[in-house]
Structures are given as structure tokens and as C-alpha cells.
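Here is the naming used below: chain letters follow the sequence lines, and residue numbers restart at 1 for every chain.
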Amino acid sequence: MLDTKYLRSNLEQVAQALKRRNFELDVARISALEEQRKQVQVKTQALQNLRKEKSKLIGQAKARGEDPQPILDQVSGLGEELAAQTRQLTALQAELDEIYQAIPNLLHESVPAGLSEEDNQELRRWGTPREFEFEPKDHVALGEFAGTMDFDSSAKLTGSRFVVLHGRLAGLQRALIQFMLDLHTTEHGYQETYVPYIVNKDSLFGTGQLPKFAEDQFKLAGEQEYYLIPTAEVPVTNLVRDTIVEADQLPLKRVAHTPCFRSEAGSYGRDTRGIIRQHQFEKVELVQVTRPQDSYAALESLTRDAEQVLQRLNLPYRVMALCGGDVGFSAAKTYDLEVWLPGQQAYREISSCSNYEAFQARRMKARWRNPETGKPEPVHTLNGSGLAVGRTLVAVMENYQRQDGRIQVPEVLQRYLGGIEVI
RNA sequence: GGAGAGGUGUCCGAGUGGUCGAAGGAGCACGCCUGGAAAGUGUGUAUACGGUACCCCGUAUCGAGGGUUCGAAUCCCUCCCUCUCCGCCA
């Protein structure tokens, strides 16, 4: 959510700024509604004031043992008028809230112009794609050859976009998770956090998945309105919802491994082969909560923390600055890490690191006490995958494959697999 | 699942129909005291929206939503959460 005060007093500028992300703001409608709201609000509050004054007089009259009837006569009919005004005000506010909640975050000035992912800007590359002396296979072929990646079973158990991993490959995924958690907790200063995989709608609203992206979520049946988490960003960031963090507690740096659940509505044709796009996947997520002045430095360091995982695994990647049209709804700026996949002969997204500035914090009422003003002010929130485990597994399989179809175990992972070097 | 207690400001905590945005304390900020500090002491210290404009004024908010009433933190209903005891259970 944008700062409504700022939005109201800078409507035209905001509308102009939002064009960079291809979003049309209905300035005329908002102005008209706001004007109406103001009128109704002033009238409502005047009536409330009148009621309060008269009620006070009644109380005082009664205390003196006088007959309050004359004053009671004065307020007859006031209740209905007030109720009508209140209904109108509530309706107007609901309409405005709906509009405001659907407005995406403002972009940081450094975000490159552009409308689609073709306009994303490559910032740097690391590593050199390996020269194969044979035709490299993709992860599906490798997994099926070894009998460790089983789509027949997952289709039987559940349906499409799920996978069953067997034996050493399942172990390799577990090793990746542990490696990532260990790296971020021991070398990058993140505190490991375990969180629920089911959250309520307030949490999803706080990070911006609701109300606009309800169809992307798995909603549970039952009396409670519960959802499976689409990413650990939701429970971990919402830890600071409705709280005031002391200045000396910032930055908060948290890392969590969770499964993630996404309906993938609207991506029916895409990435149907393999485990690139699944309804359920593992992810290690980095979350930071910072003072506003620190958030862009934090975005750089958080991105480097994610990059470290790829570097230690010796996987070639590139860093992309997403263009205005490709930055997500809640983010002000996003870097994507794309890993080289020999099976696809392409760089594919494996991490997305974003600064949300105060956008999520305002929705969540997550604040810190600014020592300079003494006032509670919204914090800045950031998160990034460090990394998407399923896709990292794909990258390891494809980059470390041997001609015989077996997979060399990256050195940093061997200690997690009892020292074995090949699976 | 059964029985009971409770949810109030940054925190603790009083308040059971009217003068309550809310006693008291802690914390924090500023001042006094001090060579300096501690102690002591004085003052201040919620958020949102609106009006007016930087001086204030109004309205709302005491877990959430509804109701009763001229008037609700206080009474009634529904829901959520926390704690204690019992039962069941990984």
C-alpha cells in the first residue's frame, strides 16, 4: 500500500510514475471519491460531535437530579440521520480502500525502463558455462535414467506439477537445503526460523498476495480462512506485523526453509516438463527488516548472500535488474539471479531479491521507533530466495552430469551426503 | 472435546453505563539537582482520519464484528486468541 497521504496530495505525479510499470491510475475517479468522502466525513463527524455533547448534558442533568427529557427530545431523530451518514461514509471508504489496495508499489528511480522481461538489464555474470564433450541431457532425462525422479508416481498420488524423488536424489535436495541454511546462518548473519506453512488472510494481505492474487494461492477448505504459504516470505515477514521494533533491533535478518505451494493458475502451457514449475517446491528464503535509510544497501548485500550459494556450488549465473514492467506488485526494485542450465542452453531464474520499501510495512503496520523523530514509522522489508531448492537441484544435475548419466556431487555438498562423490 | 480465567496505550496494570483517550507504575525524551553519574525531582510522552494550519480543534480506536442505549472499555450476542485444570493424542 502506498502512503495514502502522499498519494492524495500527489495524485498526478503518482499516476505518472505508475506508467513506468504499465499501470493506469484512475485519477478522476479517485479525486471525485475523495471529494465526496471528505464532505460526508465532515458531516458525519459534526453529527457525532452533536450527539456526544448532548449525551454529556443528559448525564449531567441526571446527576443533578433534573429531568433530562427536554434534551432527549432534542436528539430524537439524530440517530437515524447519523446512521445514514455513517453508512454512506463506510461505503465510500470501502470503495477507496479497494482502489488503493490494488495500486502497485512505486518503482525505485534506478529501475530500468521497459515493459516485459526482454527489457530486463543484465548487470553481471559469474562463472563460465561448462564445455561438454558430449550432448548434455536435461534434468528430466537424467532423473528418469537413474530412476530417481518419478513423475508417474507423483501423477498417480496427486496430479501434474508434482514430483517424487527417490534415494540419493532426494538426499541431494536435503543436502542443498542444509548447505544453504548453514551458509546463511554461519557466514551471513541470518537467524534460522521455523514457521507455519499455513497462514491466515491477514498475513497474505500484509505481504501483498491478497486481495489481488487470491487465485495464485491454495486456500484450505474448512471454517477458518487458511492458506498454504506460497513462499516463506509471508510467515517470516509477518513476524513484524502489528509490532514496533526498537531501533537497535534493526536490521532483522531471518532465514527459513519451507515448502512453497502455488496454484500456478494462468501458466498452463509453461514449463510443463520437469520440476522447474511445480505446485509444491522447497525454498530457502532470506528476509530482512531494516531502517528506511538502509534498505538499498541491504538489497545489495542480500543479493550477494544469495549469489554466494551459486558461487560455492560453482554454478554459472547472471544478475538481472528487472525492468519497470516486470517488477512484481509489491516491490520497488528487484534483482533476479539466473542460473545456467545446460539442458535448456539458457539462463533460468533461481532467485528473486526485492526491496519492498514501506509498501508491505504499511499494510502490516510494521514499524520502528525513529530516534530522530521519536515517532513510530514504517520499516522497510526485503526478501530473496537463497535459493529456490528445486531449481538448484536442476542446476546441479545438469551442470554436474557425467557422460554415463550419473551426477558428480559438488564438493561443498559431499559432507552432507556421507562423503560420497557421485550419485 | 469438557470446565474455568482473561485479552486495555511501547510494556505492566486500574477501571463494570455518562465529566474515560482512559488512574497508577515502568520505559523513553527534555529540564532541575550533581564536579560527572546514579539516586531524587519536575514536565512531557498512542495511532489513524478530517478541519485549520504548524497553534490548535473535531472524530474514531480499550482482541474482532454485530446489538441494546440519548450515551458503551464497562451490558448482550457471535467469532478469534492466550492462560489453568481434566480428557484424548503425534
Side-chain angles (χ1 to χ4, degrees), chain A residues 1-11 30-101 194 196-206 210 220 222-227 235 238-250 252 289 291 358 361-379:
Chain A
M1 194 121 93
L2 299 181
D3 181 353
T4 43
K5 239 182 215 164
Y6 177 83
L7 175 66
R8 274 195 284 262
S9 47
N10 300 278
L11 254 187
I30 293 174
S31 312
L33 282 170
E34 281 289 356
E35 203 46 53
Q36 223 181 326
R37 193 212 83 231
K38 255 182 225 182
Q39 275 181 25
V40 175
Q41 182 165 346
V42 167
K43 193 165 173 199
T44 305
Q45 292 186 351
L47 286 172
Q48 283 171 327
N49 183 231
L50 183 66
R51 181 187 66 183
K52 200 177 166 183
E53 302 277 310
K54 296 292 180 191
S55 294
K56 204 178 270 185
L57 289 178
I58 292 168
Q60 287 167 351
K62 276 191 167 179
R64 286 195 299 266
E66 297 167 7
D67 181 12
Q69 197 52 48
I71 315 171
L72 280 168
D73 292 340
Q74 290 175 29
V75 292
S76 70
L78 199 152
E80 272 174 49
E81 199 184 346
L82 183 55
Q85 285 293 317
T86 307
R87 266 196 302 278
Q88 208 182 341
L89 183 60
T90 308
L92 279 167
Q93 253 153 1
E95 202 173 346
L96 279 163
D97 279 348
E98 197 181 319
I99 295 173
Y100 290 155
Q101 284 164 12
Y194 172 81
Y197 301 157
I198 294 173
V199 292
N200 58 34
K201 67 176 194 304
D202 289 343
S203 294
L204 282 163
F205 178 82
L210 288 182
L220 300 184
E223 287 183 24
Q224 308 278 4
E225 192 171 344
Y226 281 161
Y227 298 83
N238 273 281
L239 287 171
V240 293
R241 169 153 57 84
D242 291 320
T243 62
I244 298 178
V245 188
E246 291 305 324
D248 59 11
Q249 299 289 302
L250 298 174
L252 247 51
V289 177
R291 305 187 303 168
R362 270 184 230 106
R363 295 169 84 99
M364 286 192 296
K365 296 189 178 60
R367 296 170 297 176
W368 69 302
R369 198 173 288 282
N370 184 345
E372 283 175 27
T373 61
K375 298 262 179 192
E377 295 170 13
V379 294

What integer distance in Å separates [X]:[atom1] from [N]:[atom2]?
{"X": "Asp202(A)", "N": "C79(B)", "atom1": "CG", "atom2": "P", "result": "19 Å"}
{"X": "Arg37(A)", "N": "G51(B)", "atom1": "CZ", "atom2": "C1'", "result": "12 Å"}
{"X": "Asn200(A)", "N": "A64(B)", "atom1": "CG", "atom2": "C1'", "result": "12 Å"}
{"X": "Leu89(A)", "N": "G58(B)", "atom1": "CG", "atom2": "P", "result": "19 Å"}
{"X": "Glu53(A)", "N": "U59(B)", "atom1": "CD", "atom2": "C1'", "result": "12 Å"}
{"X": "Leu82(A)", "N": "C70(B)", "atom1": "CG", "atom2": "C1'", "result": "12 Å"}
{"X": "Leu50(A)", "N": "C70(B)", "atom1": "CG", "atom2": "C1'", "result": "11 Å"}
{"X": "Lys365(A)", "N": "U10(B)", "atom1": "NZ", "atom2": "P", "result": "13 Å"}

Whom does [N] pair with, Watson-Crick or G-U wobble, provided both distances fall under 3.5 Å?
{"N": "U52(B)", "result": "none"}
{"N": "A22(B)", "result": "none"}
{"N": "G17(B)", "result": "none"}
{"N": "C28(B)", "result": "G44(B)"}
{"N": "C89(B)", "result": "none"}
{"N": "U74(B)", "result": "none"}
{"N": "G4(B)", "result": "C83(B)"}

Between [N] and [M], how many Å separate the two [atom1] atoms, rounded to a whole number?
{"N": "A72(B)", "M": "U59(B)", "atom1": "P", "answer": "13 Å"}
{"N": "C85(B)", "M": "U78(B)", "atom1": "P", "answer": "27 Å"}
{"N": "G35(B)", "M": "U43(B)", "atom1": "P", "answer": "25 Å"}
{"N": "G7(B)", "M": "U74(B)", "atom1": "C1'", "answer": "15 Å"}
{"N": "A14(B)", "M": "G25(B)", "atom1": "P", "answer": "15 Å"}
{"N": "C81(B)", "M": "U41(B)", "atom1": "P", "answer": "45 Å"}
{"N": "G40(B)", "M": "A73(B)", "atom1": "C1'", "answer": "36 Å"}
{"N": "U10(B)", "M": "A48(B)", "atom1": "P", "answer": "11 Å"}

For a 4.5 angstrom cut-off between non-hydrogen side-chain atoms, does [X] reach [Y]?
{"X": "Leu220(A)", "Y": "Ile198(A)", "result": "yes"}
{"X": "Val245(A)", "Y": "Arg367(A)", "result": "no"}
{"X": "Glu225(A)", "Y": "Asn200(A)", "result": "no"}

Q. So does Arg51(A) get a side-chain nitrogen or oxygen closer than 4.0 Å to the phosphate oxygens (OP1/OP2) of A60(B)?
A.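 Yes, such a contact exists.
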Q.
So, does Lys52(A) get its side chain near the phosphate of G71(B), meaning an N or O under 4.0 Å from OP1 or OP2?
A.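 Checking Lys52(A) against G71(B): no side-chain N or O falls below 4.0 Å of OP1 or OP2.
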Q. What does Arg8(A) touch in the nucleic acid at a heavy-atom separation under 4.0 angstrom: a base, only the sugar-phosphate, or nothing?
A.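 The residue Arg8(A) makes sugar-phosphate contact but no base contact.
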Q.
Given the structure, check if the side chain of Gln45(A) and the base of G50(B) hold any donor-acceptor pair shorter than 3.5 Å.
A.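 Absent.
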Q: Would you state whether a donor and an acceptor, one from the side chain of Lys62(A) and one from the base of G18(B), lie under 3.5 Å apart?
A: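 Pair found.
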**Q.** Test log, rule side chain to side chain contact (heavy atoms under 4.5 Å, CB included), inputs Gln36(A) and Leu33(A)
**A.** CA-CA 5 Å; Gln36(A) 223 181 326; Leu33(A) 282 170; 4.2 Å; yes
**Q.** Closest to the Lys38(A) side chain, choosing from G51(B), G18(B), C49(B)
**A.**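 When the side chain of Lys38(A) is considered, G51(B) is the closest of G51(B), G18(B), C49(B).
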Q. Taking the side chain of Ser55(A) as its heavy atoms from C-beta onward, which of C70(B), C49(B), U47(B) lies nearest to it?
A.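 Side chain of Ser55(A) sits closest to C70(B).
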Q: Assess whether side chain to side chain contact (heavy atoms under 4.5 Å, CB included) is satisfied between Phe205(A) and Gln101(A), documenting all intermediate values.
A: CA-CA 9 Å; Phe205(A) 178 82; Gln101(A) 284 164 12; 3.6 Å; yes
Q) Quick one: do the Gln69(A) and Asp73(A) side chains pair a donor with an acceptor below 3.5 Å? A)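 Yes - a donor-acceptor pair under 3.5 Å links their side chains.
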Q | 5'-most by nearest nucleotide on RNA chain B - Ile244(A) or Tyr226(A) | A |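 Here Ile244(A) is the residue nearer the 5' end.
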Q: Let me know, please, whether Asn49(A) or Gln41(A) comes out on the 5' side of the other along RNA chain B by nearest nucleotide.
A: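 Nearest nucleotide further toward 5': that of Gln41(A).
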Q: Answer yes or no: are there more than 12 heavy-atom neighbours, outside Glu98(A) itself, under 6.0 Å from its atom CD?
A: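 For Glu98(A), atom CD is not crowded (no more than 12 foreign heavy atoms under 6.0 Å).
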